[in-house]
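One structure is given below, encoded as structure tokens.
Residue indices begin at 1 and follow the sequence shown. As the structure is a computational prediction, the values presented were derived from the model and not from experiment.
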Amino acid sequence: MFHSSVFPTLRQHHTRIKQRANIAMQCGTLAALLMALSGTSVQAATPALPDGLTEQKIDDVVSRAQKAFDVPGIAVGVVHDGKIVFAKGYGRREDNERSGKVDPNTLFAIGSNSKEFTATALATLVDEGKLKWTDRVIDVMPEFKVSDPWITREFRVSDLLTHHSGMGLGAGDMMLFSHSTFTRKDVLAGLPYMPFTGRFRADYAYNNLLYVVAGALVEKISGQTWEHYVQTHLIDAAGLPACQSTFPVKGQTDVAAGQGSDGVLPDRATLEPVAVAPAGGVWCSVNGMNRWVQTLLNGGKTVEGRKIISLAQRDALWAPSALIPVPDSAAKTQSHFRAYGYGWFMEDFYGLKRVWHTGTISGMVSYVSMLPEKNSGLVVLTNHYANSATASIALTMSSLIATGKSADWVTYWQDETKKAQDKAAKGASTTGPGSPARPFIALPVSDLKDYVGVYHDAWRGDIRLSLKGNDLVMTFGKADGLAGTLSALPHDLFVAKWQNRAEDAEDDSYVQFERNTSGKVTGFHMQVVGSDFSFDAQDLHPIKVSAQ
């Protein structure tokens with residue numbers, strides 16, 4: 001399905017051909033007669049999908065994925081040979097039968113695909129000579145500091161982007177997600193307290209926090225907010241339709257709502273920048289993302305010739321920097337290596353280079369995949385927390401472009417999802433908290449009072465334990481709506497069950513309290529019961545500072 005709003009140049013080309021054809025027919029030229037006899041159209045050919053892809057094949061895999069993973073709405077786009085050749089919406093904007101239909105201009109949160117915007121923003125500053133990838137961060141931003149003084153001194157701009165800083169998986173994410181109200185200034189203040197659990201520039205661990213620092217660096221050098229710089233220098237400069245660096249507001253109607261969201265948009269007057277934006281704050285339509293992919297495949301220039309970044313910097317973004325273990329599915333795509341560059345994953349894919357990234361935020365998932373040697377790219381946007389759906393669609397389409405055939409990725413991800421669910425269910429029912437092997441216990445209010453008070457963590461701030469009736473409840477400072485009821489297990493161990501089950505159920509966490517030699521509660525540590533790395537409760541070390 002094509003949409004004329006993104007093809008102004010093509011429309012003008014069609015008009016000129018029609019005019020010339022009419023003149024030829026009026027003059028009765030031989031050329032017009034031959035065209036008529038041969039059945040050749042007088043209009044320009046519709047831009048073609050890559051070999052191996054058809055609209056029917058795209059429709060089929062989207063339909064299967066949508067049904068298999070219960071996804072309300074999906075938008076898909078394809079770019080090939082410098083042209084946007086496909087843009088189509090499927091299903092509904094919300095998980096609500098009355099909601100409007102998804103179309104190519106529907107805004108979705110693209111999550112971590114925002115990282116490529118932040119990396120590209122830095123690339124524009126490199127192009128302008130205002131920054132080098134090898135610059136020490138502390139020389140450009142003196143307030144930058146991590147827990148290790150040597151690493152602080154040696155940390156380069158490129159180290160912000162490659163996920164091999166030595167910090168743990170998802171370190172500091174609780175300052176960015178889980179209802180956090182932290183600012184970017186707060187994030188920088190908390191950075192020195194983040195532990196290093198791996199080797200600097202050696203161990204890969206995905207990290208959002210340092211992309212927020214990268215966004216702050218853009219602000220430091222440009223003198224503009226990250227939102228303004230990305231909007232003006234990238235989104236507007238590249239002409240990305242229906243794309244923005246800020247959260248949608250009331251009055252915008254063509255907006256998707258993610259799983260667990262009520263779909264209520266804030267007033268523009270009350271909208272404030274969120275700390276996470278440089279790591280996951282862009283909202284974009286498939287029309288906008290198509291144009292973004294088109295610009296990147298075109299070496300950093302728009303089809304009209306406007307340079308967003310140089311080819312040299314586009315290639316720098318796509319150069320491997322940190323090696324990553326290949327996935328279990330590597331044999332299915334003949335992949336032998338996987339790496340991370342500046343805001344992009346890359347791998348060998350049936351003998352071709354594939355550049356890609358995913359994004360998950362606010363109950364929505366995005367996927368961008370490019371095969372530069374095929375001069376092709378694709379975009380998948382969904383409004384459901386199901387990475388399996390986007391992976392199924394993107395891998396099927398990428399495989400068809402690369403080889404003309406594809407494994408059954410929908411079935412593969414259905415099986416993988418079921419295996420994971422069955423394993424989690426078995427663990428929960430046999431040895432999980434509240435199972436017959438580890439039943440919860442009832443503690444009298446007199447015992448629960450031992451835990452009541454304010455606890456302070458160096459980077460996350462205050463955490464309060466209070467009694468609400470007979471329940472022990474945990475709440476966090478700088479987090480609107482994150483509250484959990486604690487259920488007791490033996491030996492000062494509890495499980496915090498978060499009250500907002502739609503958004504936070506996967507973050508239920510163990511809370512292990514600590515006592516001194518006199519028996520007084522002095523602090524606690526936490527561990528997520530499940531596997532959400534972005535609820536990095538294990539990095540908290542709260543100390544009790546008040547019994548009130």
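- For Gln313 and Trp318, the side-chain atoms include no donor-acceptor pair closer than 3.5 Å.
- Using a 4.5 Å heavy-atom threshold, the side chains of Trp409 and Ser388 count as separate.
- Taking the six-membered ring for Trp and thresholds of 30 and 60 degrees, Tyr229 and His233 have nearly parallel ring planes, at less than 30 degrees apart.
- No donor-acceptor pair closer than 3.5 Å links the side chain of Ser369 to the backbone N or O of Ser398.
- Comment: Glu55 engages Lys88 in a salt bridge, judged by a side-chain N to carboxylate O separation of less than 4.0 angstrom.
- Residues Asp348 and His336 have side chains that bring a donor and an acceptor to within less than 3.5 angstrom of each other.
- Within the 3.5 Å criterion, the main-chain N or O of Glu94 finds a donor-acceptor partner in the side chain of Ser99.
- Note on ring orientation: taking the six-membered ring where Trp is involved, the planes of Phe345 and His357 are tilted (angle from 30° to 60°).
- The closest donor-acceptor contact from the side chain of Asp536 to the backbone of Asp173 lies under 3.5 Å.
- Within the 3.5 Å criterion, the main-chain N or O of Gln224 finds a donor-acceptor partner in the side chain of Ser222.
- Glu373 places no side-chain N or O within donor-acceptor distance of the main-chain N or O of Leu352, the cut-off being under 3.5 Å.
- No side-chain N or O of Asn290 forms a donor-acceptor pair with one of Gln294 less than 3.5 Å apart.
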Problem set entry | ring pair (Phe, Tyr, Trp, His ring centres under 6.0 Å) between Phe349 and Trp356, intermediate numbers included | CA-CA 11 Å; Phe349 187 83; Trp356 59 280; 9.5 Å; no

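- Proximity of a side-chain donor or acceptor of Ser321 to a complementary backbone N or O of Gly341 within less than 3.5 Å is not detected.
- Side chain to side chain, Gln56 and Thr54 fail the donor-acceptor criterion of an N or O pair below 3.5 Å.
- A donor-acceptor contact under 3.5 angstrom links the side chains of Ser335 and Thr333, judged on distance only.
- A donor-acceptor pair under 3.5 Å is absent between the side-chain atoms of Asp507 and the main chain of Phe535, judged by distance alone.
- Side-chain N/O atoms of His164 and Thr162 include a donor and acceptor closer than 3.5 Å.
- In this structure, the side chain of Arg354 does not engage the main chain of Glu347 through any donor-acceptor pair within 3.5 Å.
- The pair Arg93-Asp254 meets the salt-bridge criterion, since a charged nitrogen lies less than 4.0 angstrom from a carboxylate oxygen.
- Proximity of the aromatic rings of Phe247 and Trp283 is defined here by a centroid distance below 6.0 angstrom, and this criterion is met.
- Considering only heavy atoms from C-beta on, Thr120 comes within 4.5 Å of Leu317 through its side chain.
- Using a 4.5 Å cut-off on side-chain heavy atoms (C-beta onward), Tyr90 and Ile58 make contact.
- A donor-acceptor pair shorter than 3.5 Å cannot be found between the side chains of Asn387 and Tyr367.
- At least one side-chain heavy atom of Asn113 sits less than 4.5 Å from a side-chain heavy atom of Glu116.
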For this session: Go through Trp292 and Phe117 one step at a time and tell me if the ring pair (Phe, Tyr, Trp, His ring centres under 6.0 Å) criterion holds.
Result: CA-CA 10 Å; Trp292 179 238; Phe117 285 84; 4.2 Å; yes

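- The pair Lys423-Glu416 does not meet the salt-bridge criterion, since no charged nitrogen lies less than 4.0 angstrom from a carboxylate oxygen.
- For the pair Val78 and Ser376, the minimum side-chain heavy-atom distance is 4.5 Å or more.
- Side chains of Ser165 and Asp159: no donor on one and acceptor on the other come within 3.5 Å.
- Residue Gln414 qualifies as enclosed at atom CD: its count of foreign heavy atoms under 6.0 Å is above 12.
- A donor atom on one side chain and an acceptor atom on the other are found under 3.5 Å apart for Trp226 and Thr118.
- Side chain to side chain, Thr106 and Ser285 fail the donor-acceptor criterion of an N or O pair below 3.5 Å.
- Taking 4.5 Å as the limit, every side-chain heavy atom of Tyr204 sits out of range of all side-chain heavy atoms of Leu323.
- Under the 6.0 Å distance and 45° angle rule, Lys115 does not count as a cation-pi partner of Trp344.
- Within the 3.5 Å criterion, the main-chain N or O of Asn96 finds a donor-acceptor partner in the side chain of Arg92.
- For the pairing with Arg64, the side-chain hydrogen bond (donor to acceptor under 3.5 Å, both in side chains) check across Thr396, Asp408, Asp59 returns one residue only, Asp408.
- When each of Arg291, Gln244, Met289 is checked for a side-chain contact (heavy atoms from CB on, under 4.5 Å) with Cys284, only Met289 meets the rule.
- No donor-acceptor pair under 3.5 Å is formed between the side chain of Asn375 and the backbone N or O of Pro372.
- Open room surrounds CG on Asp328; 12 or fewer heavy atoms of other groups in view lie less than 6.0 Å from it.
- Contact check for Arg314 versus Leu311: side-chain heavy atoms found under the 4.5 Å cut-off.
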